[in-house]
Protein chains: 2
Amino acid sequence: MSAPASSPAARPLAGIRVVDLTSVVVGPACTLRLADFGAEVIKVEPPAGDVLRSLGGPSPGGRHAGSYLHLNRGKQALGLDLKAPAARAVLERLVASSDVVVANMRPEALARLGLDADGLRDRYPRLVHCTITGFGPGGPYRGRPAYDSVVQGVSGIAGLAERRDGRPLYVPLLLADHVTGEIAASAILAALLARERTGLGATLEVPMHETMAAFVLQEHLGPRSFDPPLGPAGDARVLNPDNRPLATADGWISLTANTDAQVHAFLRAVGRPELIDDPRLRTVADRFRHVDLWFRVRAEALASRTSADWLAVFAAADVPAMPCHTLETLERDPHLAAVGLIGTDEHPTEGRVRTIRPTILQDGAPAPVGRPAPPPGFDTRTVLRDLGLGEAECDALIASGAAFEPGTDTG
Amino acid sequence: MSAPASSPAARPLAGIRVVDLTSVVVGPACTLRLADFGAEVIKVEPPAGDVLRSLGGPSPGGRHAGSYLHLNRGKQALGLDLKAPAARAVLERLVASSDVVVANMRPEALARLGLDADGLRDRYPRLVHCTITGFGPGGPYRGRPAYDSVVQGVSGIAGLAERRDGRPLYVPLLLADHVTGEIAASAILAALLARERTGLGATLEVPMHETMAAFVLQEHLGPRSFDPPLGPAGDARVLNPDNRPLATADGWISLTANTDAQVHAFLRAVGRPELIDDPRLRTVADRFRHVDLWFRVRAEALASRTSADWLAVFAAADVPAMPCHTLETLERDPHLAAVGLIGTDEHPTEGRVRTIRPTILQDGAPAPVGRPAPPPGFDTRTVLRDLGLGEAECDALIASGAAFEPGTDTG
């Protein structure tokens, strides 16, 4: 039943071509997922290049920030200046030979380029066309600009911290971008599957605000899911101020005890066996009602010993507990080291770079790590040739600035 | 090009049957995505029922917490006590007629039930078998219990807050569960697509720790992505202590200004035009280097006027800015109200309940909201009949306790 990591079975999107008009994070996270599944992702960049190339942080050559590299591995870089009609003609040829178009421009910008779904799906009914927007149609925010933090604010993510900690805080991840991108990848995959049956593509839109608000409300609408409401919104356990890593003598660990068996094992391990029969802590429902007490008991229990000591105790007692890693210790996590999550590769311009492999396993093995994200325009000539253009046509496109290669870009 | 919401095109997984052996959040989030795409999801529950039914908060009847309802709509509830051989025989018949099996039990528990991939894929080579685990094979944490907060700790999510705010904090969402579930749905969809070509299913595993660590590292490995490293890990902008909602005279708003045009418009709007030519704030790269200064300017700029005032100013200036919602104001967000994100439905035992509709749009419309998550065992007889069992067989299974319906369960 096992197959090598590079078997066709581990590349389920082999033969699927994706025109990637996205930039920054939400779109690239979507097309990264498709690339990891084996799709041929052709990323179209303007002369200035994806802003994340520099916005994402330093790199030796200045245009391959770490986050850019990790979100764009396994993709080809086609350099086109879509302001030039000749570049738009190239793009039309590319779309005609493709299965999927993904964009995260605002709807009007896409329409100006003639790349909105209406026109393209009329000409290419098998095409799956997916736009990722800030705000869907039919509401007052339609067309408004959206960034991750703006969406975290308006979708209620930042406000969850206000309830718990007294002031709103963003999640220190580009969470709305990253999650919406993953969900857009699902939408595209489902549409490709339906196309096998119907022969027809799809016109998809994934709005970030609605998607992240649903993500928040699914977990936190809670008692207000009923009519009449049974209480205020918000999962009282998740939003409890003591729902946080537990302080030990030398740091923090992460511990959860939900079942009665886990809670009893925890109370015995921390020397509070008398609480096992406390009627406020006896069952799941009791602890839910007395969550303040239960979390306070937890929070104060571990001050006397080190994290390593406690982790050994809880591992033996089958109480779920783990180190609480910083970015520095995360890289050295023994499990991640053993499974080879972080690897290395050679980048054509940035020297040796570290890679983060796909984490989905098929027959026990991850898909191969795609090649490093290339410089802007790195694959321009390869893609143009593949579309049937001759060398003279390629030269003319590049000389005119409609297309560019590394060294000819003006970014 | 437009189609009604209930058209077959909007149900891309119509005809796909999923055996859902999952509970709590990570697995149900995965199968919710599949159900929203139109798959027939049959959730198999033991007599005690999914623990989230009560752990997720109050409900009128005590077994349909809000988060349970929202993560399990559109699924059927099959009540089986898998300790009984007759129940395992029913499950085998169900698997034989299904396309997908999803589980989030620990590997050894799944093997004990004979539901691990090795056995099932030998008998049903077209089956897509997906397990969601805490920790993948080949590392020392394999088989250890995992809950969302434990994974948030070990994958570095909680530690990001430690860098920013001085102490580790969980994201106040079941983030590791919810995100890993979405990614598992993608893996299943890709495998179903490959099956159309190869005729073969797949054996998939999505480990939470590796998946969330990759999520963190893609964004934050940053300067340590290079050899030699260009600096410490961590996106300096995202992890800046002033990267948070901006205080106004009466609350907070969420605002991002990344491009030069947005930054200039912001500085003019807040009465600091002299900073437009400050060499520390002139370009994206300048502001990245001087992110402390730039975020401090931002943080202190809005104290003089109300949130509503500022939102009007920034909307006019095309600076991305939005309300920073609490759970209370999120429900009343005018955009979400206009697009109908929250609806209502009648639950068979809980009365009127509020629903959160799918947010992916196809041809401009969302898929229909699946029917409310039913009580444990609600569809037992329907599923058994569909598998070809006669009424006498159903009665015997239920009388023996191998299967149960509402009222016959012991949970």
Side-chain angles (χ1 to χ4, degrees), chain A residues 12 37 57-58 66-67 70 138-141 145 147 149-150 153-154 156 158-160 164 168 171-172 182 186-187 189-190 193-194 196 203 205 210-211 214 217-219 221-222 225 227 230 233-234 245 252 254 256 320 322 324-327 330 334-335 338-339 352 354 356 359-361 363, chain B residues 12 37 57-58 66-67 70 138-141 145 147 149-150 153-154 156 158-160 164 168 171-172 182 186-187 189-190 193-194 196 203 205 210-211 214 217-219 221-222 225 227 230 233-234 245 252 254 256 320 322 324-327 330 334-335 338-339 352 354 356 359-361 363:
Chain A
F37 284 138
S67 55
H70 301 305
Y141 304 160
Y147 284 115
S149 53
V150 167
V154 73
L160 293 171
R164 185 185 63 182
V171 173
E182 292 283 1
S186 270
L189 290 162
L193 186 60
E196 295 291 325
T203 298
E205 177 177 339
E210 287 89 323
T211 299
L217 289 167
Q218 283 170 349
E219 295 189 26
L221 190 56
S225 303
D227 184 12
L230 300 180
W252 287 273
S254 287
T256 300
M322 277 286 156
C324 184
H325 279 310
T326 62
L327 279 170
L330 179 63
H335 185 87
V339 303
R352 184 180 291 274
R354 300 172 83 199
I356 303 158
T359 64
I360 295 169
L361 305 175
D363 297 313
Chain B
F37 285 137
S67 55
H70 301 306
Y141 304 160
Y147 284 115
S149 53
V150 167
V154 73
L160 294 170
R164 185 185 63 183
V171 172
E182 292 284 0
S186 270
L189 290 162
L193 186 60
E196 294 292 323
T203 298
E205 176 177 341
E210 288 89 322
T211 299
L217 290 168
Q218 284 170 347
E219 294 188 26
L221 191 56
S225 303
D227 183 11
L230 301 180
W252 288 272
S254 287
T256 300
M322 277 287 154
C324 183
H325 280 309
T326 62
L327 279 170
L330 179 63
H335 185 87
V339 303
R352 184 180 292 274
R354 299 172 82 199
I356 303 158
T359 64
I360 295 170
L361 305 176
D363 298 312

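Heavy-atom basis, side chains included; hydrogens, waters and symmetry copies ignored. Order of the sequence lines sets the chain letters (A, B, ...), proteins ahead of strands, with each chain counted from 1.
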What distance do Leu217(B) atom CG and Leu327(A) atom CG have between them, rounded to the nearest 0.5 Å? 7.0 Å

Asp227(A) side chain near Arg354(B) side chain, heavy-atom distance below 4.5 Å: no

With chain B, which of Ser225(A), Gly159(A), Gly66(A) has the greatest number of heavy-atom pairs at distances under 4.5 Å? Ser225(A)

Flag the pair Leu189(B) / Ser186(A) as yes when at least one side-chain heavy-atom distance between them is below 4.5 Å, and no otherwise. yes

If you count heavy-atom pairs under 4.5 Å with chain A, which of His325(B), Glu210(B), His335(B) comes out on top? His335(B)

Separation between OG (Ser67(B)) and CG (Leu221(A)), nearest 0.5 Å, reads 10.0 Å

Interface check, chain B: of Pro140(A), Gly222(A), Cys324(A), most non-hydrogen pairs under 4.5 Å belong to Pro140(A)

Max heavy-atom pairs within cutoff under 4.5 Å with chain A, candidates Gly138(B), Pro172(B), Ala233(B), goes to Pro172(B)

Can you name the residues that form a side-chain contact (heavy atoms from CB on, under 4.5 Å) with Thr256(A), not counting sequence neighbours? Asn258(A), Tyr147(B), Ser149(B), Val150(B)

Of the backbone (N, CA, C, O) and the side chain (C-beta and beyond), which part of Tyr141(A) lies under 4.5 Å from a heavy atom of chain B, both, or neither? both

Heavy atoms of Gly139(B) and Ala338(A) approach each other most closely as CA-CB, 3.8 Å

Taking only residues two or more places apart in sequence or in another chain, which ones pass side-chain contact (heavy atoms from CB on, under 4.5 Å) with Thr211(B)? Thr359(A), Thr180(B), Ile183(B), Val206(B), Pro207(B)

If every non-hydrogen atom of Gly153(B) is compared with every non-hydrogen atom of Ser254(A), which pair is closest and at what distance? CA-OG, 3.1 Å

Which atoms of Arg164(B) come close to chain A, meaning under 4.5 Å heavy atom to heavy atom: side chain ones, backbone ones, both, or neither? side chain

Glu219(B) and His70(A): side-chain donor and acceptor closer than 3.5 Å? no

Heavy-atom side-chain proximity of Pro12(A) to Leu193(B) below 4.5 angstrom: no

At a 4.5 Å cut-off on heavy atoms, which part of Ile356(A) comes close to chain B: side chain, backbone, both, or neither? side chain

Considering all heavy atoms, the nearest Gly156(A)-Leu330(B) contact: N-CD1, 4.2 Å

Could you tell me which portion of Glu196(B) (side chain, backbone, both or neither) has an atom closer than 4.5 angstrom to a non-hydrogen atom of chain A? side chain

Of all the heavy-atom pairs spanning Pro245(B) and Pro168(A), show the shortest one and how long it is. CD-O, 3.6 Å

Heavy-atom pairs under 4.5 Å with chain B - which of Pro320(A), Pro334(A), Gly57(A) has more of them than the others? Pro320(A)

